[in-house]
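Every number for a ligand or one of its atoms is a count from 1 in the order of the listing.
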Amino acid sequence: MEKKEYNHPVSLRNIQITDDFWKNEMELVRKEIIPYQWEALNDRVEGAEPSFCMRNFKVAGRQNQERRDKGDAFEEPAYTFRGFQALPEDMEHLEDKFYGFVFQDSDFYKWVESVAYSLTAHPDAELEKLADEAIDIVCAAQQEDGYLDTYYIINGKDKIFSNLRDHHELYCFGHLAEGAVAYYEATGKDKLLKAAMRFADYIDNYFGAEEGKCKGYPGHEIAEMALVRLYEVTGEEKYLNLSSFFVEERGKRPYYYDGEKHPEKIEKGKENELRYHYHQAHVPVREQDEAVGHAVRGVYLYSGMADLARLKEDDSLYDACEKLWDSIVNEKMYVTGGIGGTHIGESFSFPFDLPNDTAYAETCASIGLVFFARRMLQMKPLGKYADVMELALYNGILSGMALDGKSFFYVNPLEVLPKACHLDERKWHVKPVRQKWFGCACCPPNLARLLSSIGMYAYTEKEDTLYIHLYMGSSVKKEIHGQTADISVASGYPWNGDVHVSVTGCFAEFTVALRIPGWCKEYQVEGISDAKTEEKDGYLYITKSWSEGESISLHFPMEIRVLEADTRVREDVGKAAVMRGPVVYCLEEVDNGENLSLLSLSADGELEECSLEIAGTYVKAVKAEGFREESVENGTGLYQEYHKKKKVPVILQYIPYYTWANRGENEMQVWTRVE
Ligand code: FUB
Ligand code: ZN
């Protein structure tokens, strides 16, 4: 790996998103998700499962105060676990107990992170005041020694870190650190950042390679990348080292998790291997070459590994990241950028096992894939990373939210038969329509923090180069040798591939590296006659001294593409998916009638784009020649002798996958048979 060629995200303070498409998504976060989530965090949403999140902080804060008033800050209440808590029977008269999931605190941290990004793009004194007051409530729950997790503060601190595998203290810490850094960067206010640092210091005193320290590591990863963020904003080396300790410890034998819970029950040689795979702890990270286990946990770990590989210039860690990347992208990723082929453990399945109807493809997992991709890009700007980032964003991630920003998918299947979904009442498995919120509300706030910080994924920079990974209308400020370049991007993405980049305010020479999308066979570029240009690894590097207002135009023709899958993906054999530019398309019953499985796409038929309005939003749709097969329902029994079927020519109406389920409950499919 070449050394010190790294780039880093452009600060959100230097980016303004002006684009119709992404600005709209950011506005949905600001106007819909943030206020709605605040109500949800405070259990004020009628008909939704209560969150208890802010309530738990208040109870913990109150107990803290009582202890302080008694002059005994560390007297803890009796240890009374309730595991994953059932909803209390009497919602009117709740006791001073912890309610909700063990990781409920993280909901607030994700909320405050989105608030931070939103405030950067759109200052809002009232929202900032609300966040400041909420931060006061959260900080009042922090213990004098820095510990901050309401589950254990309320239930008994004598049991902290006793179940790292399943309980989420280090996960909640990770989200605290991410939220705190974002809020500090947005507002300059450091109260939450200091709380995160105090908790980080507590954790650092508790865990580590030094003798006597605990050798555990997070059961749900995120602390690894969060500690790196804390290091980057504070410059405190100990946070980087703690992150590294967590990464290096994972997978060592004997397994840490075996010892922490009932070690006497685990017979030697009969450890539950699957369980270690679930936590990516089956072997040390450098020996991992297949993405396994819980998909969100996986990509969060790999993101942390990529951060460390960059900061420690660690080639072997980078190599492990690359193998894991290839394992995901070449064998375990849906055409939508969804990951996690099985709902069993919300996990990666075996290679090429990508069922369409029972797909898990959790919104959070694709979001984690974007985190991983951006970090890989920081080390090596290879178009293949940005291609996946773009794919996941426009498809498997945006599908997680309704067009009005008011309801959400946790799971993003590629084929849905509503009847089949109703069979499965598990709370967060495949649903035929988006839900208002979830008791386990991981996905909507994750979406909110990603969408409101989208600029951090679109642009990275190093001293004399600005990388443009994603095309969206925006303007970016970049310091070049004491001058401030204002780089404006205009684009018709994702509906047309016209991109215009213009520069003002800087006459010094610098490079703009423009991504050439992997889906684009041939592109046109104008305005580079006096520039040094190089096309490398999926980027066009344009180096020149820019005259005021000078611009470059690119055109990436968005042809309609018909894709097939590797035949080892058995569910997709004989089928095709339709894409145009970065957008994956699907068929929906509302446009094509019921029994979508009877439809087929004509192999040599015409495909043409058209405009369509879906729930008030205009999108580019695709019309394709196809057939509807005669149905065989003759009442003589379930099975009969085969006969050749009649096929009626039909025009198939494809819509962007992310827009499905905005017109009520109905069938949907991405992969369609080819005739
Ligand atoms: O465990 C915390 C979050 O809840 C995970 O990341 C999601 O997959 C959901 O299970
Ligand atoms: Zn989720």
Side-chain angles (χ1 to χ4, degrees), residues 33 37 40 49 51-53 83-85 100-111 113-114 149-151 163-176 178-179 217-226 257 275 277-281 291-304 336-349 359-372 392 396-401 407-413 426-431 434-451:
I33 308 186
Q37 192 189 358
E49 281 179 54
S51 147
F52 301 109
C53 177
F84 285 82
Q85 321 268 301
F101 285 88
V102 281
F103 47 86
Q104 216 69 52
D105 291 3
S106 64
D107 287 4
F108 169 75
Y109 301 140
K110 285 193 227 171
W111 179 80
E113 190 179 340
S114 315
D149 183 290
T150 65
Y151 183 76
N163 186 355
L164 287 180
R165 194 191 73 174
D166 304 321
H167 288 187
H168 287 52
E169 286 155 291
L170 294 173
Y171 169 85
C172 288
F173 158 73
H175 275 298
L176 163 62
E178 297 243 2
Y217 44 88
H220 192 313
E221 300 91 328
I222 190 181
E224 299 80 354
M225 60 174 151
Y257 299 144
R275 203 60 217 195
H277 282 75
Y278 177 86
H279 294 276
Q280 297 79 36
V292 296
H294 185 266
V296 181
R297 284 172 165 83
V299 279
Y300 281 15
L301 168 66
Y302 312 150
S303 302
T336 54
I339 52 172
T342 174
H343 59 87
I344 303 167
E346 309 179 308
S347 292
F348 289 110
S349 186
Y360 206 72
E362 183 180 338
T363 309
C364 287
S366 291
I367 291 172
L369 185 59
V370 168
F371 296 161
F372 184 25
I397 292 176
L398 280 187
S399 62
M401 180 166 83
S407 57
F408 305 90
F409 277 139
Y410 193 129
V411 171
N412 296 278
R426 259 168 300 181
K427 287 228 159 64
W428 52 80
H429 197 38
V430 182
K431 300 276 184 199
R434 294 179 182 81
Q435 310 291 296
K436 292 294 295 169
W437 205 252
F438 306 89
C440 171
C442 56
C443 301
N446 229 352
L447 251 171
R449 69 188 183 121
L450 176 76
L451 297 178

Restricting Glu362 to its N/O/S atoms, the closest one to the Zn ion (ligand 2) is OE2
Take Phe408 and Thr363 through the side chain to side chain contact (heavy atoms under 4.5 Å, CB included) test and state the conclusion after the steps.
CA-CA 9 Å; Phe408 305 90; Thr363 309; over 6 Å; no
Do any N/O atoms on Arg297 end up under 3.5 angstrom from N/O atoms on ligand 1?
no
Have a look at ligand 1 and work out which part of Phe101, if any, has a heavy atom under 4.0 Å from it: side chain, backbone, both or neither.
neither
N, O or S from Cys440 under 2.8 Å to the Zn ion (ligand 2)
no
Check ligand 1 against Glu362 and write out every atom of the ligand that is under 4.0 Å from a heavy-atom position of the residue.
7 (C), 8 (O)
Should the pair Arg275 and Tyr278 be classed as cation-pi, given the thresholds of under 6.0 Å to the six-membered ring centre and 45° from the axis?
yes
List the steps and the verdict of side chain to side chain donor-acceptor pair (under 3.5 Å) for Gln280 and Tyr300.
CA-CA 11 Å; Gln280 297 79 36; Tyr300 281 15; over 6 Å; no
Does Tyr360 have a non-hydrogen atom less than 4.0 Å from ligand 1?
no
His168 neighbourhood, listing ligand 1 atoms whose heavy-atom distance to it stays under 4.0 Å:
1 (O), 2 (C)
Contact with ligand 1 for Cys364, non-hydrogen, under 4.0 angstrom:
no
What verdict does the side chain to side chain contact (heavy atoms under 4.5 Å, CB included) test give for Ser303 and Glu224, after you've listed the backbone C-alpha separation in whole Å, the side-chain angles of each residue and the deciding distance to 0.1 Å?
CA-CA 8 Å; Ser303 302; Glu224 299 80 354; over 6 Å; no
Please work out whether any backbone atom (N, CA, C, O) or any side-chain heavy atom from C-beta onward of Cys440 is under 4.0 Å from ligand 1, and answer side chain, backbone, both or neither.
side chain
Which residue is it: His220, His279, His343? I am looking for the one with a ring-ring contact (aromatic ring centres under 6.0 Å, His included) to His294.
His220
Please confirm whether the ring centroid of Phe348 lies under 6.0 Å from the ring centroid of Tyr360.
no
Mark the output for Tyr171 as yes if a heavy-atom distance to ligand 1 is under 4.0 Å, and as no if none is.
yes
Fit a plane to each ring of Tyr302 and Phe372, take the angle between them on a 0 to 90° scale, and name the class: parallel (under 30°), tilted (30 to 60°) or perpendicular (over 60°).
tilted
